[in-house]
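Just so it is clear, the structure is predicted and the values come from calculations on it, not from any experiment.
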Amino acid sequence: MKNQKDQVSLFKLVFTHNWEDPESDHVVLKIKKDDALMAITSGGCNVLGFLLFDPQVIYTLDINPTQSYLLELKVAAIKSLDFIAFTSFAGLRDSKNRLEQYEKIKPLLSEDARKYWDEQNKIIKNGFIMNGQFEKFIKIAGKFIMLLQGKKRVLGLFNEKSKQEQETYFDKIWNTKRFHYIFKILFNKRMLAKRGLVAEYFHFDDGSTSFSESFYKRAKNAFRDIPIKGNYFLSLYLLGKFQNDHEVPNYLKEENYEMIKAKLDRIKIITADAQGWLDSMPDLSIDCFALSNICELMSEKETHRLFLGIHKTARKGARVIFRNLMIPREVPDKLKDRIVKDETLSKQIYANDRSFVYGKVAAYSIRK
């Protein structure tokens, strides 16, 4: 693409939730006691969940300062509140005193985070869950799907079913012409062009010829072949909220709360580009890398620099997971003998990805 920047900068609160399926991360990273992790912050949900594996440290990075402020808010709230109060503050339960709770929380925030959240009364008052820019779009899209598919059909999707019943529900009831229409409207060439993207630029590993076709295939897999029970991503996409208190990310489960609270100081929140930060880190210092899709925000030159930094800082046998949303990125050819893709595991996690927005979810290991 012409005039491509080496690194895209972001400053608005894009996510208040992680849209990377943590189960994929767990399978690939195999986090062990006393491991050192590098993760992309995003909504902070997965970083908090990683604490359950008892790592020594989690370096959580984001180039977007507001994502760092969000994780600061979550950490401060967990430190300050009991489980019921925290989930009420977050927006999982009804509450009328979130602004008062924030006054209790904010002394634990950094000065920059406190200044930011002092000006975000609307998000605080409503609870931070599903209140980033992406989540607001998801809620609008969910209402659109509800309109096209009908409330009865949408709610029926979440009724408990056997594998065969789920397949039949999709084939006979859900997979309507209107469902196909959704992808043609939201992911056609004109819509992509409005976002400065050229559809022909994309490459689809699943054999698709367009983003709408590729996204439909991923959605079909999630709606038809992956168990819907426990898949909180689907309830967020279609209902704009968690369906219940149990089908939620690990950090929002009561049985995990005290364990996570006890280990919060192991999280090191860093606002920086990953390439520069890795350059500053000692060799052989990190065991696991959860990269999300950050390579899409940088040029191929900077992608090469990123993976050079990963190999430098990685301990022998370190594990890596990274994703692509639309723009194809891969480990540079010159590094593929040192950062080795596990093709079998990559196919497995892609096929089982509950979030299904990512066109690529891949697993790698480091050779020294």
Side-chain angles (χ1 to χ4, degrees), residues 13 15-18 20 22 25-26 29-90 92 101-118 124 128-129 248-274 276-278 280-282 284-292 313-315 318-319:
L13 186 63
F15 307 106
T16 57
H17 178 73
N18 266 100
E20 300 86 357
D25 291 0
H26 301 163
L29 299 179
K30 300 178 178 68
I31 304 167
K32 302 186 298 294
K33 178 179 171 61
D34 294 332
D35 272 351
L37 279 67
M38 173 212 168
I40 301 306
T41 305
S42 187
C45 314
N46 292 357
V47 167
L48 291 165
F50 290 156
L51 289 173
L52 296 171
F53 294 90
D54 204 20
Q56 182 182 57
V57 61
I58 303 175
Y59 301 107
T60 178
L61 283 80
D62 210 293
I63 197 168
N64 185 344
T66 60
Q67 299 302 149
S68 297
Y69 302 155
L70 173 69
L71 183 53
E72 277 198 50
L73 182 72
K74 291 185 178 183
V75 168
I78 294 171
K79 286 182 176 180
S80 303
L81 305 172
D82 62 29
F83 176 74
I84 298 300
F86 172 73
T87 50
S88 298
F89 177 73
L92 196 61
Q101 287 178 312
Y102 172 66
E103 292 301 315
K104 180 179 179 181
I105 292 164
K106 75 176 187 179
L108 297 180
L109 299 174
S110 67
E111 182 179 355
D112 287 341
R114 188 164 58 251
K115 287 180 180 178
Y116 175 79
W117 289 113
D118 281 350
I124 297 294
F128 56 73
I129 288 176
V248 294
N250 283 334
Y251 84 104
L252 291 175
K253 294 180 179 179
E254 187 169 11
E255 63 266 28
N256 297 329
Y257 193 71
E258 292 303 323
M259 186 182 297
I260 288 173
K261 178 181 283 196
K263 298 173 181 177
L264 288 172
D265 289 339
R266 301 183 191 186
I267 294 176
K268 310 302 178 186
I269 301 174
I270 301 153
T271 302
D273 67 84
W277 181 81
L278 286 166
S280 73
M281 288 294 288
L284 306 174
S285 56
I286 301 175
D287 300 285
C288 305
F289 299 83
L291 301 178
S292 187
T313 56
R315 292 171 178 156
R319 289 79 65 196

Run the side-chain contact (heavy atoms from CB on, under 4.5 Å) test on Ile269 and Ile267 for me, step by step, so that the C-alpha distance in whole Å, both residues' side-chain angles and the decisive distance to 0.1 Å come before the verdict.
CA-CA 6 Å; Ile269 301 174; Ile267 294 176; 3.8 Å; yes
Contacts of Ala90 that satisfy side-chain contact (heavy atoms from CB on, under 4.5 Å) - sequence neighbours left out
Phe128, Ile129
With a 3.5 Å distance limit and no angle check, can you tell me whether Arg114 reaches the backbone of Leu109 through a side-chain donor-acceptor pair?
yes
Hey, what do you get for CD1 (Ile260) to OH (Tyr251), rounding to the nearest 0.5 Å?
9.5 Å
Closest heavy-atom pair, Leu291 versus Ile40, reported as atoms and distance to 0.1 Å, is O-CG1, 3.4 Å
Mind checking side-chain hydrogen bond (donor to acceptor under 3.5 Å, both in side chains) for Asp35 and listing every partner two or more places apart, or none if nothing turns up?
Arg319
What is the distance from atom CZ of Phe83 to atom NZ of Lys261, rounded to the nearest 0.5 Å?
11.0 Å
Closest approach of Ala85 to Gln101 (non-hydrogen atoms, all atoms of both residues)
O-NE2, 3.2 Å
Write out all pairs satisfying salt bridge (charged side-chain N to carboxylate O under 4.0 Å, His left out) with one or both partners inside residues 68-78, taking only residues at least two apart or from two chains.
none
Could you pull out all residues at least two apart from Lys263 that satisfy side-chain hydrogen bond (donor to acceptor under 3.5 Å, both in side chains)?
Asp54
To the nearest 0.5 Å, tell me how far Lys268 NZ sits from Leu37 CG.
13.5 Å
Identify, with sequence neighbours excluded, every residue that meets side-chain contact (heavy atoms from CB on, under 4.5 Å) alongside Thr313.
Leu278, Met281, Ser285, Ile286, Phe289
Look at the aromatic rings of Tyr69 and Tyr116 and report parallel, tilted or perpendicular, splitting at 30° and 60°.
tilted
CA sep, side-chain torsions, deciding dist, call: Leu48, Val75, side-chain contact (heavy atoms from CB on, under 4.5 Å)
CA-CA 8 Å; Leu48 291 165; Val75 168; 4.3 Å; yes
Are any of the side-chain heavy atoms of Thr60 and Phe50 separated by less than 4.5 Å?
no
For the SG atom of Cys288 and the NZ atom of Lys30, what is their distance to the nearest 0.5 Å?
9.5 Å
Residues two or more places apart in sequence or in another chain: which of them pass side-chain hydrogen bond (donor to acceptor under 3.5 Å, both in side chains) with Asp25?
Arg323
Checking Asp287 side chain against Ala318 main chain: does a donor-acceptor pair fall under 3.5 Å?
no
Measure the spacing between SG of Cys45 and CG of Leu252 and express it to the nearest 0.5 Å.
7.0 Å
Does Asn250 reach the main-chain N or O of Gly49 with its side chain, forming a donor-acceptor pair under 3.5 Å?
no
Residues that Ser292 engages under side-chain hydrogen bond (donor to acceptor under 3.5 Å, both in side chains), provided they are two or more places apart
Glu20
Tyr102 versus Phe89: any side-chain heavy-atom pair under 4.5 Å?
yes
Can you list the residues that meet the salt bridge (charged side-chain N to carboxylate O under 4.0 Å, His left out) rule with Asp118, with sequence neighbours excluded?
Lys106
Does some side-chain heavy atom of Pro249 sit less than 4.5 Å from a side-chain heavy atom of His17?
yes
Backbone N or O of Leu13 within a donor-acceptor pair of the Gln67 side chain at under 3.5 Å?
no
I'd like to check Leu70 versus Thr41 (side-chain heavy atoms, cut-off strictly below 4.5 Å). Are they in contact?
no
Listed by chain and number, what are the side-chain contact (heavy atoms from CB on, under 4.5 Å) partners of Leu108, not counting sequence neighbours?
Ala76, Lys79, Ser80
Quick one: does Ser110's side chain have a donor or acceptor within less than 3.5 Å of a partner on Ala113's backbone?
yes
Modelled atom types, side-chain donor and acceptor of Asn64 and Thr66, under 3.5 Å:
yes
Sequence neighbours excluded, which residues qualify as salt bridge (charged side-chain N to carboxylate O under 4.0 Å, His left out) partners of Lys115?
Glu111
How close do Val248 and Lys253 get, counting heavy atoms only, and between which atoms?
O-CE, 3.3 Å
With sequence neighbours excluded, tell me which residues meet side-chain contact (heavy atoms from CB on, under 4.5 Å) with Ile270.
Tyr59, Leu61, Ala272, Trp277
Short question: side chain of Asn18, backbone of Asn46 - any donor-acceptor pair under 3.5 Å?
yes
Are Ile63 and Thr271 close enough, and set up right, to give a side-chain contact (heavy atoms from CB on, under 4.5 Å), and what steps lead you there?
CA-CA 5 Å; Ile63 197 168; Thr271 302; over 6 Å; no
Taking salt bridge (charged side-chain N to carboxylate O under 4.0 Å, His left out) as the definition, give me every residue that meets it alongside Asp34, ordered by chain and number, with sequence neighbours left out.
none
After noting the C-alpha distance and the side-chain angles of Leu51 and Arg266, does the key distance pass the side-chain contact (heavy atoms from CB on, under 4.5 Å) rule?
CA-CA 8 Å; Leu51 289 173; Arg266 301 183 191 186; 4.2 Å; yes
